[in-house]
Amino acid sequence: MALDPGRSPGFLLWHATLRWQRDIAAALAPLGLTHVQFVLLACAWWLNAQGEQPNQLALARQAGTDVKMTSQVLRTLEQKGLVEREVDPADTRAKRLRVTDTGAALAPRAIAAVEEVDAEFFRPVPVEEAVALLGRLAHPEP
């Protein structure tokens with residue numbers, strides 16, 4: 001027997017995700033970033049801050065994004081002057097990523113905007129509970 005949509009975890013997750021994505025998009029629009037541009041910029045910025053210059057594949061893995069889409073979005077971020085892609089001397093087929101000074105100034109502002117949305121969105125649930133549940137859903141144990 002089918003569940004009432006209001007009792008379906010997947011249906012509720014779908015609606016919650018849509019609401020969250022709308023809120024994130026609204027917060028990032030004044031900064032000139034889409035959600036996926038933000039994720040890739042923030043991940044590249046964080047990896048650079050850890051002393052890494054990831055290639056596109058490593059960035060896609062970190063962000064959980066499709067490699068081809070990552071390449072397309074990085075092209076846009078490069079056109080905006082937020083990242084630079086440099087040929088890897090060890091593998092000329094690969095491109096290493098470096099966040100520019102402009103990108104490094106924008107990334108923390110964008111992260112703060114997204115964290116503000118997250119704080120408001122998840123306010124009804126204690127943060128530890130939200131992180132625990134979402135962590136289990138994102139990385140289920142076999």
Side-chain angles (χ1 to χ4, degrees), residues 3-142:
L3 291 176
D4 175 324
R7 302 279 307 145
S8 168
F11 191 70
L12 291 170
L13 178 60
W14 170 252
H15 280 274
T17 300
L18 290 174
R19 191 182 119 228
W20 176 74
Q21 288 175 335
R22 279 191 305 269
D23 293 349
I24 294 291
L28 291 172
L31 300 174
L33 293 172
T34 66
H35 196 169
V36 70
Q37 289 170 359
F38 159 73
V39 169
L40 293 174
L41 176 63
C43 286
W45 176 77
W46 185 82
L47 289 167
N48 284 178
Q50 305 304 306
E52 298 180 36
Q53 274 198 305
N55 61 26
Q56 294 174 178
L57 179 59
L59 181 64
R61 285 187 181 136
Q62 173 75 20
T65 54
D66 175 78
V67 176
K68 288 182 183 180
M69 184 268 301
T70 298
S71 180
Q72 293 169 347
V73 174
L74 283 171
R75 195 170 302 120
T76 300
L77 291 174
E78 190 174 32
Q79 290 167 352
K80 290 182 173 193
L82 302 175
V83 299
E84 291 180 344
R85 298 188 291 179
E86 303 162 346
V87 174
D88 184 344
D91 180 359
T92 56
R93 297 169 298 164
K95 293 188 178 180
R96 295 282 174 190
L97 303 167
R98 187 184 67 75
V99 175
T100 64
D101 290 344
T102 302
L106 180 58
R109 291 177 45 221
I111 290 168
V114 167
E115 286 180 348
E116 189 174 312
V117 169
D118 283 353
E120 180 59 27
F121 184 85
F122 292 106
R123 185 178 39 80
V125 181
V127 69
E128 299 82 14
E129 289 180 28
V131 169
L133 173 61
L134 294 169
R136 287 197 317 265
L137 293 175
H139 307 288
E141 294 182 28

Short side-chain to backbone donor-acceptor contact, Asn48 and Thr100, under 3.5 Å: no
Sidechain-backbone polar pair: Asp88 side chain, Ala94 backbone, donor-acceptor under 3.5 Å: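 No.
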Salt bridge Glu84-Arg98, side-chain N to carboxylate O under 4.0 Å: yes
Salt-bridge present (Glu120, Arg123; N to O < 4.0 Å): yes
Give me the atom names and distance for the closest heavy-atom approach of [X] to [Y].
X: Ala104; Y: Val99; value: N-CG1, 3.2 Å
X: Pro54; Y: Leu47; value: CG-CD1, 3.7 Å
X: Phe122; Y: Ala130; value: CD2-CB, 4.2 Å
X: Leu28; Y: His35; value: CD1-CA, 3.8 Å

Roughly how far, to the nearest 0.5 Å, is the [atom2] atom of [Y] from the [atom1] atom of [X]?
X: Gln62; Y: Leu57; atom1: CD; atom2: CG; answer: 12.0 Å
X: Ser71; Y: Asp66; atom1: OG; atom2: CG; answer: 10.0 Å
X: Asp118; Y: Ile24; atom1: CG; atom2: CD1; answer: 5.0 Å
X: Glu52; Y: Cys43; atom1: CD; atom2: SG; answer: 11.5 Å

Heavy-atom side-chain proximity of Leu40 to Leu77 below 4.5 angstrom: yes
Non-hydrogen side-chain atoms of Ser8 and Leu13 separated by less than 4.5 Å: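 In short, these two side chains do not touch, never coming nearer than 4.5 Å.
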Under the side chain to side chain contact (heavy atoms under 4.5 Å, CB included) test, residues paired with Ile111 that sit two or more places apart: Phe38, Ala42, Trp45, Glu115
Verdict with supporting geometry, Thr70 and Val36, side-chain contact (heavy atoms from CB on, under 4.5 Å): CA-CA 9 Å; Thr70 298; Val36 70; over 6 Å; no
From CA spacing to verdict: side-chain contact (heavy atoms from CB on, under 4.5 Å), Leu106, Leu33: CA-CA 10 Å; Leu106 180 58; Leu33 293 172; 3.9 Å; yes
Glu86, CD: over 12 other non-hydrogen atoms inside 6.0 angstrom: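 Enclosed.
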Greater than 12 external heavy atoms within 6.0 Å of Asp91's CG: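 More than 12 heavy atoms, drawn from other residues, nucleotides or ligands, come within 6.0 Å of this atom.
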Criterion side-chain contact (heavy atoms from CB on, under 4.5 Å) against Leu74, the qualifying member of Met69, Arg85, Lys95, Gln79: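 For Leu74, the side-chain contact (heavy atoms from CB on, under 4.5 Å) test succeeds with only one of Met69, Arg85, Lys95, Gln79, which is Arg85.
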